[in-house]
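Notes follow the structure.
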Amino acid sequence: MGESTYFPVPERKEFLVAYRALWRSSHSLIGEDDFKRIREMITDAVKKGNYLRDEKGINVLLRNINTALILSKEVGLERSTLISVLIYNLVSGGSYTNEQVEAIFGSDIAKIIRGLIKANGLYAKQATVESDNFRKLLLTYYDCRSVMSDEDDKPSS
């Protein structure tokens, strides 16, 4: 699946607007080199067909960019959290290992991604995950940045 077939025209426009907004709001925080690495990793995954839509047909890449944009503008989270949101699906989908991410971006980002993977594993197993008590319990066990970025990334029902 090539990059041009991954995005229908309206989604491509929406993606470019969101990507540029993310760049403007966080390039000084993330850095030009990291933005370039992330773009290369995502482009490679899209070209190889490893960056698929979710079970509801939602463009995961577009959702991740929008999530990172919200986290950047509204919550003001730091570099490691934003990068983790952008590349989490690359690790969970098997395009990259957590060890590769750690070598490229550092242990802090790898730790957040591990937390996101564990939290999503719990969400997949538990029907009671939606309760506030479960969220409070998660906060005691996992890096709170992982849970915050995961919660912000959940589509509203």
Does Ser80 reach the side chain of Phe105, with side-chain heavy atoms less than 4.5 Å apart? no
With no hydrogens and no angle check, is any side-chain donor or acceptor of Thr97 less than 3.5 Å from a backbone partner on Gln100? yes
Measure the CD1-CD distance between Ile65 and Glu14 for me, rounded to the nearest 0.5 Å. 11.0 Å
Please examine the side chains of Thr43 and Arg39, heavy atoms only from C-beta on, and report whether any two atoms are closer than 4.5 Å. yes
Look at atom CD of Glu40 and say whether more than 12 heavy atoms of other residues, nucleotides or ligands are closer to it than 6.0 Å. yes
Side chains of residues 15-24: which donor-acceptor pairs under 3.5 Å do they make with residues two or more places apart or in other chains?
none

For the atom pair OG (Ser84) and CG (Asn64), what is the distance rounded to the nearest 0.5 Å? 11.5 Å
Do the side chains of Ile87 and Ile113 get nearer than 4.5 Å, heavy atoms only? yes
Atom pair OG (Ser95) and NZ (Lys48), whose distance is rounded to the nearest 0.5 Å: 7.5 Å
Can you tell me how far NE2 of His27 sits from CZ of Phe35, rounded to the nearest 0.5 angstrom? 8.5 Å
Arg63 side chain reached by Val60 side chain, heavy atoms, under 4.5 Å: yes
Indicate yes or no: at least one non-hydrogen side-chain atom of Arg37 is less than 4.5 angstrom from one of Ile42. no
Answer yes or no: is there a side-chain heavy-atom contact under 4.5 Å between Ile112 and Tyr88? no
Approximate separation, where rounding is to 0.5 Å, of Leu82 CG and Leu86 CG: 7.0 Å
Working for side-chain contact (heavy atoms from CB on, under 4.5 Å), residues Asn98 and Arg114: CA-CA 7 Å; Asn98 217 23; Arg114 266 191 299 277; 2.9 Å; yes
What heavy-atom pair brings Arg12 and Phe7 nearest, and what distance separates the two atoms? CB-CB, 3.7 Å
Heavy-atom distance under 4.5 Å between the side chains of Thr81 and Glu78, does that happen here? yes
Separation between NZ (Lys111) and CD1 (Ile109), nearest 0.5 Å, reads 13.0 Å
Closest non-hydrogen atom pair, Ile58 against Asp54: N-OD1, 2.8 Å
